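Quick caveat, the model's predicted, so the values are computed rather than measured.
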Amino acid sequence: MGIISVEHADQLFWLGRYSERVVTTIRIFSEKYDGMLDLEEEEYEDFCRRQDIPNVYTSSGDFCRRYCFDEEDGNSIYSNLMRAYDNAIVLREEIGSDTLSYIQLAVYEMNKAKTSQAPLIQLQKVIDNIVAFWGMVDDSIDSRKVRNIIKLGKRIERIDIYARMHMERELLQREVKRMNDRIERDYLHYSNAKLMHINYLVEVEPVDYEEIVKDVENLL
């Protein structure tokens, strides 16, 4: 593949971000799910605040149901998966039908999870299919630039979420190192000042999580 249009580059980037957002938020949600229905109100309010989403939920039970599966909630895991799917459909020519099929399977498993008595099992299958999608990106897409843009979106999204959730500095360092390796491969336009600042922020204590989020959101 030769030159990628600006529009398709943007769609590839957000395919990477949305697919990663689905996986990481399901994992965070699943870790808390066993006790989620008994959570104090301030706990899911804190989650919403950290993720910068409006708290439109009336209880922990309402949060569990709607944050995962509400099609009308633009911040739900379901809505982010559908954004990944919409981008993948448009990019069928760039990513291939076999690669696209794993996003389609993730949507299928998400729809099953909505009505399941054991939603965590189906949500794990959503993760499994997106991980398989990432594997197909490596195995089936010939264009290095296409692969790189998807993976850069994935990496930036993971850093963004990890910083918002105030995760361990070592995890952030690992992901920033991976982003460094990725961002320079195809001469993508990025702010070198912000990249250097992010690298600095993950090396010092205490970690300024808010500054990391600000810089990573304005890196490209």
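Between I150 and I95, some side-chain heavy-atom pair lies under the 4.5 Å cut-off. S76 places none of its side-chain heavy atoms less than 4.5 Å from the side chain of E71. Side-chain contact check for V213 versus D160: some heavy-atom pair is nearer than 4.5 Å. At least one side-chain heavy atom of W134 sits less than 4.5 Å from a side-chain heavy atom of E20. When side chains are defined from C-beta on, N75 does not count as touching V56, because their heavy atoms never get closer than 4.5 Å. Using a 4.5 Å heavy-atom threshold, the side chains of Y102 and I130 count as separate. Put simply, the side chain of R155 does not reach to within 4.5 Å of the side chain of K151, judged on heavy atoms. Looking at Y162 and I212, their side chains never come closer than 4.5 Å, going by heavy atoms from C-beta outward.
The line from CG of N111 to CZ of F69 is 10.0 Å long, rounded to the nearest 0.5 Å. The distance from the CD atom of E94 to the CD1 atom of I4 is 7.0 Å, given to the nearest 0.5 Å. Note that CD1 of I159 and CD of Q173 are 11.5 Å apart. Values are rounded to the nearest 0.5 Å. With rounding to the nearest 0.5 angstrom, the NE2 atom of H197 is 7.5 Å from the CG atom of D208. Distance CZ/F29 to CG/L123: 7.5 Å, rounded to 0.5 Å. With values rounded to the nearest 0.5 angstrom, R182 atom CZ is found 11.5 Å from E175 atom CD.
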The test is side-chain contact (heavy atoms from CB on, under 4.5 Å); show your working for M167 and I28 and say whether it passes.
CA-CA 11 Å; M167 291 191 174; I28 292 170; 3.9 Å; yes
Applying side-chain contact (heavy atoms from CB on, under 4.5 Å), run through L201 and V207 and close with a yes or a no.
CA-CA 6 Å; L201 290 170; V207 179; 5.8 Å; no
What's the verdict on side chain to side chain donor-acceptor pair (under 3.5 Å) for Q124 and D128, showing C-alpha distance, side-chain angles and the deciding distance?
CA-CA 6 Å; Q124 181 58 51; D128 292 345; 2.9 Å; yes
Worked verdict on L152 versus M179 for side-chain contact (heavy atoms from CB on, under 4.5 Å):
CA-CA 7 Å; L152 180 59; M179 180 184 68; 4.0 Å; yes
What do the steps show when you test T25 against N80 for side-chain contact (heavy atoms from CB on, under 4.5 Å), and what is the final call?
CA-CA 10 Å; T25 51; N80 283 307; 5.8 Å; no
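Hydrophobic clustering (ILVMFWY, side-chain heavy atoms < 4.5 Å, transitive): I121 and I77 are in distinct clusters. Following chains of ILVMFWY side-chain contacts shorter than 4.5 Å, one can reach Y209 starting from F47, so the two form part of one hydrophobic cluster. Linking ILVMFWY side-chain heavy atoms closer than 4.5 Å, directly or via other members, places V23 and Y108 in two distinct hydrophobic clusters. Linking ILVMFWY residues whenever their side-chain heavy atoms come closer than 4.5 Å, directly or via other members, leaves M196 and V176 in distinct clusters. In the hydrophobic clustering of this structure, V6 does not group with F13; members are Ile, Leu, Val, Met, Phe, Trp, Tyr whose side-chain heavy atoms approach within less than 4.5 Å, directly or through other members.
T99 places no side-chain N or O within donor-acceptor distance of the main-chain N or O of V137, the cut-off being under 3.5 Å. In terms of modelled atom types and a separation under 3.5 Å, the side chain of Y44 and the main chain of S59 share a donor-acceptor contact. The closest donor-acceptor contact from the side chain of T24 to the backbone of R21 lies at 3.5 Å or more, if one exists at all. When atom types are taken as modelled, the side chain of S101 and the backbone of D98 share a donor-acceptor pair closer than 3.5 angstrom.
Between Y18 and W14, the ring planes lie tilted relative to each other; the angle falls in the 30° to 60° range.
The two residues N199 and L195 make their nearest non-hydrogen contact at ND2-O, 2.8 Å. Between A113 and P119, the closest heavy-atom pair is O-CB, 3.8 Å. When every heavy atom of S79 is checked against every heavy atom of G74, the shortest pair comes out as CB-O, 3.7 Å. The two atoms that bring L15 and A84 nearest to each other are CD1-O, 3.4 Å, heavy atoms only. Between K194 and D215, the shortest heavy-atom distance links the atoms CD-O, 3.9 Å. Between R17 and G153, the closest heavy-atom pair is CG-O, 3.1 Å.
Heavy-atom contacts from other residues, nucleotides or ligands closer than 6.0 Å to NZ of K177 number 12 or fewer. Within a 6.0 Å sphere centred on CG of D142, heavy atoms belonging to other residues, nucleotides or ligands number 12 at most. Within a 6.0 Å sphere centred on CD of E170, other residues, nucleotides and ligands contribute more than 12 heavy atoms. Residue E205 qualifies as enclosed at atom CD: its count of foreign heavy atoms under 6.0 Å is above 12.
A salt bridge between R49 and D46 is present, with a side-chain N of the basic residue lying under 4.0 Å from a carboxylate O of the acidic one.
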